[in-house]
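Right, one structure below, let's go through it.
Naming: A, B, ... by sequence-line order, numbering from 1 per chain.
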2 protein chains.
Amino acid sequence: MMWRFKHLSIMIIDIKLGETMKKTKPNHKKEATHERIVLAASKAIRRNGYDGVSVADIMKEAGLTHGGFYAHFPSREAMLVEAASKAGTDVLAVLADSVSSVPPQESLTKLLETYLSPSHINSCETGCVIGALGSETSRQSDDIRHVITQRVKEMVDLVARQTDDWGKPEAHERALSIVATMIGTLTIARAVDDPKLADAIVKASLKSLLENK
Amino acid sequence: MMWRFKHLSIMIIDIKLGETMKKTKPNHKKEATHERIVLAASKAIRRNGYDGVSVADIMKEAGLTHGGFYAHFPSREAMLVEAASKAGTDVLAVLADSVSSVPPQESLTKLLETYLSPSHINSCETGCVIGALGSETSRQSDDIRHVITQRVKEMVDLVARQTDDWGKPEAHERALSIVATMIGTLTIARAVDDPKLADAIVKASLKSLLENK
DNA sequence: TAAAAAATATTACGATTATCATATTTTATA
DNA sequence: TATAAAATATGATAATCGTAATATTTTTTA
């Protein structure tokens, strides 16, 4: 019994080493395809919601047919987790990039104006994943909620770093409420059918956020 | 032109009176059933999303079988509009009621604490419809977006009425950003899987909202 | 209580979807 | 270039869902 377990264990190690080594040379195409699918999915879920896209839709958007999907992911659900995670990462990169182009004392203003710009409000599929999927996330799997939670924390940190008293506990607390206002404003501005109301909410939130330091 | 408008006005009154009178005698049961279905749907969509409930689910929740549905609504979509509208109305009534029980100078605090209470955060299906369905609403039909827009406006008015300078334009502007923060905070608090983070966001938003008058 | 009308239930259809087995094509190795 | 292996495509299955036609039950009227 013992011996058979040991033997099995050695076999598994062999297989794993074999796979790891192979990755350096070939497998190149499969990885690229995998990422293409995740990218397509990260846009699709922000445009249509977690429930609003079929496996076939996403594969078509990635230029593939639906059947090959399960060579890349164990399930639709596993792909959604990767897509949500990537969507969050990409948006944080855009925001971090925008603040890096201005002097430190203007960086919070720049960040808020970028986030609440008409361009961001109107481009759901490449925008903030929490703004696009916020209310749906509470009903998703533990895995999805977990990756979204990570991105929320990263976003709060990014905002805190742009405040005057960065490092103090107040900065973090302040950043939490700023992020809440940013996401709420984006969500409402997209939801309502009255452009004047949408505009008024954006302007009011921007003013309030910039007034209170 | 004038006359035709007056005439039209009278006709509408007539029709309304006729309907109102009929209500007292027959049609009683059907209307009650209709409302029971709408109530079930208003809870179901807040719990599972616009796309997360089938006609059969809702009918079962209302104690009926799915086939009779089309005797009450021309389509699933038409029912969603009624459900979203009712959900918004009901929540506004709860909030208006909560502020009516305290003296005017405490009413904004009371409203915010009610909205951001653990009890509201944990009871999605009876809570704020925009908090529950905010990000999904931008992808819904014009009719749904329109009723949600009405409710947003009503909520902004309700908040504005609790501020010190109610009546001045600043009050309305201030109310817009308060509502954005309220909804963003609720959305994030429900989405994340880390109770400490959820709690920290709620506390930070409450503090910020109450500090700035 | 019998007939008419209204409300609800049963059953079915066509469309969509996640998943998977198998076939074909493309790429890598010898 | 021929063969092995990897990547992708084709086609099928079972489940779910909105809708609707028809049947049954309940309520109202005479």
5'-most by nearest nucleotide on DNA chain C - A:Gly68 or A:Gly52
A:Gly52

Please determine, for the side chain of B:Leu64, which listed nucleotide (D:dC17, C:dT8, C:dA18) has the closest atom?
C:dT8

Just by distance, with hydrogens left out, do B:Arg151 and B:Ser85 show a side-chain donor and acceptor under 3.5 Å apart?
yes

Round to the nearest Å and state the distance from B:Ile37 atom CD1 to C:dA7 atom P.
12 Å

Go through the N and O atoms of the side chain of B:His66 and the base of C:dT11, and report whether any donor-acceptor pair is under 3.5 Å.
yes

Comparing nearest nucleotides in DNA chain C, the 5'-proximal residue of the pair A:Val53, B:Gly63 is B:Gly63

Quick one: A:Tyr70 OH to D:dT10 P, roughly how many Å, whole number?
18 Å

Have A:Ser177 and B:Ser205 got a donor and an acceptor in their side chains that come within less than 3.5 Å?
no

Which of these nucleotides, D:dG18, C:dA12, C:dA18, is closest to any side-chain atom of A:Arg76?
C:dA18

Rounding to an integer number of Å, can you tell me how far A:His34 NE2 sits from D:dA7 C1'?
14 Å

Would A:Glu136 and B:Arg190 pass as an ion pair if we require N to O under 4.0 Å?
no

Quick one: which of C:dT8, D:dA9, D:dG18 gets closest to the side chain of B:Ala71?
C:dT8

What is the distance, rounded to the nearest whole Å, between atom CG of B:Asp51 and atom C1' of D:dC17?
12 Å

Out of C:dA9, C:dT19, D:dC17, which nucleotide sits closest to the side chain of B:Thr65?
C:dA9

Could you check how far CD of A:Glu31 sits from P of D:dT8, rounded to whole Å?
12 Å

I'd like to know if B:Asp90 pairs up with B:Lys86 as an ion pair, taking the criterion as any Lys NZ or Arg NE/NH1/NH2 lying under 4.0 Å from an Asp or Glu carboxylate oxygen.
yes

Reckon A:Thr33 has a side-chain N or O less than 4.0 Å from the OP1 or OP2 of D:dT8?
yes

Between D:dA7 atom P and A:Phe73 atom CZ, what is the distance in whole Å?
14 Å

Does the plane of the ring in B:His34 sit parallel, tilted or perpendicular to the ring in B:His72? Use 30° and 60° as the thresholds.
tilted

What is the distance, to the nearest angstrom, from the NZ atom on A:Lys60 to the C1' atom on D:dT10?
15 Å

In terms of side-chain heavy atoms of A:Ser54, which of C:dT17, D:dT19, D:dT8 is nearest?
C:dT17

To the nearest angstrom, how far is A:Phe69 atom CZ from C:dA21 atom C1'?
17 Å

